[in-house]
Structure formats: C-alpha cells, structure tokens
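This is a predicted model, so every value here is computed, not measured. Just the heavy atoms: all of them, side chains too, but no hydrogens, waters or symmetry mates, feed the values below. Numbers restart at 1 for each chain; the letters A, B, ... are given by sequence-line order, proteins then strands.
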There are 2 protein chains.
Amino acid sequence: MLNQQSNLDLMFQALADPTRRAMIDRLSRGPASVSELAKPFAMSLPAVVQHLQALEHSGLVTSQKVGRVRTVQIQPDTLSLAEQWINDRRTAWSRRLDRLGDFLAETADEPEIET
Amino acid sequence: MLNQQSNLDLMFQALADPTRRAMIDRLSRGPASVSELAKPFAMSLPAVVQHLQALEHSGLVTSQKVGRVRTVQIQPDTLSLAEQWINDRRTAWSRRLDRLGDFLAETADEPEIET
DNA sequence: TTGTTACTTAACTATATGCTTAACCAACAA
DNA sequence: TTGTTGGTTAAGCATATAGTTAAGTAACAA
C-alpha cells in the first residue's frame, strides 16, 4: 500500500496526454498493432512506442508480440479502477449534500458548514 | 475543438498527483480552507497553493476568498466529465466484445479480429 | 541472400512539473 | 499600531516528460 508510485498515479498520468487518450479511444474499438496505432500521429515511431509503454506500464493496455508485430489491446479492468476512484469521491460529495439538505430541512437553525 | 490544452488533459493531469488526489478526497467530505488542506502535507504552503491552482485551473475545484481565508470546494460536474470519458471507452470495448461473442456464436468460421 | 517491414534501443534535448526559500500584503486581534 | 494569521508573488532548481535522430535486430517476402 505504500508503494513508491501508485497505480492511480500511472493511470491518470497516462490518461493526461491527448495522444495516449486517442490511442485508448482507438483501442476501445478493438486491438491494433503498433504501426496501426502510430498511423494517425505526426510523430516518430519511437515516440509512439514510448506512449504505448506509458499505457502498458499503467496497466491500461496489454500487448503481445507474434512474429514481428506487437498487438495492443485495452485492459478494461484498469479503466474501471480509475473510473471507480472518481465515482467514489463524486458520490461521497453528493451524499454529503443530501445529508446537508436533510439537516436543513429538519432544523430551522443556521447550519455549521465546517465542523 | 482544436484548443491548445484540452479540459481532459488538465483534469487527468490534476488527478495524476497523489497530493492533489488526497485534496480531492478531503474535499469530497466538504469544503475546506487553504490551510486546512495544507495541514496533512509535509510541504510548504506555496507548494500546496500550486497544487490547488492546478485543481482549480482544471475545473475540478472552485474557490472564493472571504476576508483572508480562501475556501475551496469540489466541482462534481467536472469529475463527472472525466468519469464519463473513461466509461464511454470502457463500454465501447465491452459492447465490441459482446458483438464479437454474438458473431462467434452465429458462425462456425474463424472471425476477422481486425477489419 | 537480399531487401523490406515492424519494431527496438540508445543517446540527446527542450520544456514542464513539483518543489524550495524569501519577501510581501491584507485582514483581524490585542 | 504592532503582531499574527492566512495567503500570495517571485525566483530558482532538480527531476520528469515528450519528443527527436541514428543505429540496430529479427521476421517474412522475393
């Protein structure tokens, strides 16, 4: 639990780059080879591969090499993890708003916003 | 559509840092002042404020100053946006898997993975 | 066996990020 | 009016990130 660089760090970091999000977008429609993934981008292949490494290191994609082509696919469970983290905080917030609403409804006093 | 730095970039970038996620976590339980937010961290106040600026710039939080204290709160709609982006890709992937399953069930032939 | 395709590795560079300290300012408290 | 609290601004620094080019390797094709 006290690892140096958390999974969420790597995941959100990976998703923070538009190139990498475009790759995830592409991969959400099915697996692809490295050069297929590279095609839409005006950057060198090594640059593309570095992006893929970031994605793979974060667990958002996996890949395997057959012959000389490496095929990459999405790892939906890891995407779920990021999604879940956000959802938990967002719903914590709205549950709090609900409780605050209840409190305001039940009392006529001015409520303390912060404890 | 072709803006220099997309909202999602800023959002995911903001969420990629453990300090900032901890702040969001704290804020999911209610608004807080800058110094309250700073308290758990072994870093200078300017550093904390820079993190808050990243969060605010990304739209994940808003703040306003009353007297000399600045109060920060979560912006759940922005969190939803990030969540939604992930969800869309994840579900696109699983819908694709479903269709592939149907296809495999309907035919005895070997399917084409890529179009 | 010669060339081409599909990556891979290495070395380098420019900019961005996450911090620091020092100095400042404005609100409130004594 | 003097000090303290709560934050802000500015400058600087070390490391990380996103890209580059150049050179290599291994698979398959002719």
Side-chain angles (χ1 to χ4, degrees), chain A residues 3-27 31-73 113-114, chain B residues 3-27 31-73 113-114:
Chain A
N3 48 345
Q4 64 278 54
Q5 167 107 309
S6 112
N7 253 7
L8 285 168
D9 284 33
L10 294 172
M11 246 177 273
F12 285 126
Q13 181 74 288
L15 292 174
D17 185 279
T19 300
R20 290 192 293 259
R21 278 201 312 282
M23 287 171 169
I24 291 287
D25 199 47
R26 165 63 188 81
L27 291 171
S33 71
V34 170
S35 18
E36 276 177 322
L37 285 168
K39 212 161 284 175
F41 303 109
M43 71 178 65
S44 67
L45 194 62
V48 167
V49 170
Q50 282 167 44
H51 281 302
L52 285 173
Q53 283 168 352
L55 286 170
E56 188 155 14
H57 192 206
S58 77
L60 286 167
V61 309
T62 56
S63 76
Q64 56 285 330
K65 204 171 180 175
V66 173
R68 59 194 164 156
V69 353
R70 175 173 299 280
T71 304
V72 185
Q73 62 260 171
I113 297 291
E114 252 318 32
Chain B
N3 50 343
Q4 62 279 53
Q5 169 106 310
S6 110
N7 251 8
L8 285 169
D9 284 34
L10 295 172
M11 247 178 268
F12 285 125
Q13 181 76 286
L15 292 173
D17 185 277
T19 300
R20 289 191 294 258
R21 280 203 310 282
M23 286 171 169
I24 291 288
D25 198 48
R26 164 64 189 81
L27 290 172
S33 71
V34 170
S35 18
E36 277 175 321
L37 285 168
K39 212 162 285 175
F41 302 109
M43 71 178 65
S44 67
L45 193 64
V48 166
V49 170
Q50 283 167 41
H51 282 301
L52 285 173
Q53 282 169 350
L55 286 170
E56 188 155 14
H57 191 207
S58 76
L60 286 168
V61 309
T62 55
S63 76
Q64 56 284 330
K65 203 169 180 178
V66 174
R68 56 191 167 159
V69 351
R70 176 173 299 278
T71 304
V72 185
Q73 60 260 175
I113 297 292
E114 255 313 38

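Counting heavy atoms from C-beta outward, A:P18 and B:D9 have side chains that approach closer than 4.5 Å.
Within the 4.0 Å cut-off from OP1 or OP2 of C:dA6, not a single side-chain nitrogen or oxygen of A:S33 is found.
Between the side chain of A:Q73 and the main chain of A:S63, no donor-acceptor pair closer than 3.5 Å is present. The backbone N or O of B:L15 lies less than 3.5 Å from a partner atom in the side chain of B:R21, making a donor-acceptor pair. Proximity of a side-chain donor or acceptor of A:R20 to a complementary backbone N or O of A:Q13 within less than 3.5 Å is detected.
Interface residues of residues 55-64 of chain A facing DNA chain C, ordered by number: none; criterion, heavy-atom separation under 4.0 Å.
When all heavy atoms are compared, the tightest approach of A:L27 to A:V72 is CD2-O, 3.4 Å. Minimum interatomic distance between A:V34 and A:V49 (heavy atoms only, all atoms of both residues): CG1-CG2, 4.0 Å. Contact record, B:V48 with B:M23: CG1-CE, 3.5 Å, taken as the closest heavy-atom pair.
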**OP:** Summarise protein proximity over nucleotides 18-30 of chain C in one line of letters, 5' to 3': B for base, S for sugar-phosphate only, - for none, counting protein heavy atoms closer than 4.0 Å.
**Re:** SBBBB----BS--
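What separates NZ of A:K65 from C1' of C:dT9 is a distance of 12 Å, to the nearest Å. Between the CG atom of A:L52 and the P atom of C:dA6 there is a distance of 15 Å, given to the nearest Å. Atoms CD (A:Q53) and C1' (D:dA16) sit 15 Å apart, rounded to a whole Å. Rounded to a whole Å, the CG atom of B:D9 is 15 Å from the P atom of D:dT17.
In this structure, the separation between NE2 on A:H57 and CD on A:Q50 is 14.0 Å, given to the nearest 0.5 Å.
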